[in-house]
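As structure tokens, the structure follows; a few thoughts come after it.
The sequence lines fix the lettering, A, B, ..., with proteins before strands; numbering per chain opens at 1.
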2 protein chains.
Amino acid sequence: MKKQDAVERIEYELTTFIRRAAYKDSSENKIGNLERATYLLLRELDEFGPARVKALAESFKLDISTLSRQAAALEEKGLIVRSSDPADGRVSLFSITELGKQKLKKDKRMRLERYQSMLKEWTGEEKELFGTLLNRLNEAFID
Amino acid sequence: MKKQDAVERIEYELTTFIRRAAYKDSSENKIGNLERATYLLLRELDEFGPARVKALAESFKLDISTLSRQAAALEEKGLIVRSSDPADGRVSLFSITELGKQKLKKDKRMRLERYQSMLKEWTGEEKELFGTLLNRLNEAFID
DNA sequence: ACTATATATTTGTATTATACAAGCATATTA
DNA sequence: TAATATGCTTGTATAATACAAATATATAGT
């Protein structure tokens, strides 16, 4: 594969990974990448608490209108719930519901099982180090 | 971030990475001048030589019709060229052109520069190891 | 207090990538 | 040589997205 340079190797592997990961996400749930978006949105609300549309859009780097629709869809399914901000009548605050927490937990378990199976031959040390390096990459990715 | 388990950490970081990478690649914030699919297709043809639509579709895990359209668009731009397989009149073989190679090279350089800048504080050893682990992850990702 | 402006969100519209199905050309097989 | 299979293209539908317009509420200037 003639990747003489480590950075070149990393670029190549990450690009490949993104393509394969996108396929996985869409093949398991034939509903486009709504499942992925749902997972991320539920995870965000679960981890950081209630948030408004604008904050979610900024977090995901998507247009506000896109998040407005995603949130409305999840609200419709009962996975998140809307409340108004007493301090500002324009704002809708979304929180994860019990049902949403259940779904998130189930989704997460399935994803972790998949990763566990893929990484089953890695040593504990390798997994630790990989996680740490990925975290550093992500930190560097923020502009 | 309370990720007690290394696999949980890896899942979290990879999911985050995919979201951010998708944003970077989106038209206004893309790293290079070529959209993601174009980059991948040119890279494939450059690295492995002429290929038919079906093979490309399988490689990218996309529908044949989707690849047919992507290839037609790149052909239109002069980045790849179509030739017929003398052994089978139904087949179109696509090859990268000189123009395609130029654009691929330019785009790749820009991507590498970006990664180099993000990873500039990593040791050579860390980068080597990260590339190796990513490669193993990708191998495990093939089902 | 009143009006103009700013902000948060929703809704309308266009674009793009995709899958699936139908169609067409060429190969292969019975 | 007719029937079937294969490779690709084209027609159509769907989903995610961005941008623009509309609506509701808040804030600032006078």
[N] OP1/OP2 closer than 4.0 Å to side-chain N/O of [X]:
X       : N      : answer
B:Arg52 : D:dG7  : yes
B:Ser68 : D:dC8  : no
B:Thr66 : C:dA19 : yes

Which residues share a ring-ring contact (aromatic ring centres under 6.0 Å, His included) with A:Phe130, sequence neighbours left out: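 A:Trp122, B:Phe130.
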With sequence neighbours excluded, tell me which residues meet ring-ring contact (aromatic ring centres under 6.0 Å, His included) with A:Tyr115. none
Output the rounded distance in Å from [atom1] ([X]) to [atom2] ([N]).
X       : N      : atom1 : atom2 : value
A:Arg19 : C:dA17 : CZ    : C1'   : 16 Å
B:Tyr23 : D:dA18 : OH    : P     : 10 Å
A:Leu41 : D:dT17 : CG    : C1'   : 15 Å
B:Ile64 : C:dT18 : CD1   : C1'   : 14 Å
B:Leu67 : C:dC20 : CG    : P     : 14 Å
B:Gln70 : D:dC8  : CD    : P     : 15 Å
A:Phe60 : D:dT17 : CZ    : P     : 11 Å
A:Lys54 : D:dA26 : NZ    : P     : 16 Å

Among the candidates C:dC20, C:dT11, D:dT9, find the nucleotide nearest to the side-chain atoms of B:Ser92.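 The nucleotide sitting nearest to the side chain is D:dT9.
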Using side-chain contact (heavy atoms from CB on, under 4.5 Å) as the criterion, list what pairs up with [X], not counting sequence neighbours.
X        : result
A:Leu129 : A:Leu133, B:Leu129
B:Ser92  : B:Arg82, B:Phe94
A:Ser95  : A:Pro50, A:Val81

Under 3.5 Å, is there any donor-acceptor pair linking the side chain of B:Arg69 to the base of D:dG11? yes
Test item: side-chain donor near acceptor, B:Glu11 and B:Thr15, under 3.5 Å: yes
Contact state string [nucleotides 21-28 of chain C, B base, S sugar-phosphate only, - no protein heavy atom under 4.0 Å]: B---BBS-
A:Asp107 pairs by salt bridge (Lys or Arg N to Asp or Glu O under 4.0 Å) with which of A:Arg109, A:Lys103, A:Lys105? A:Lys103
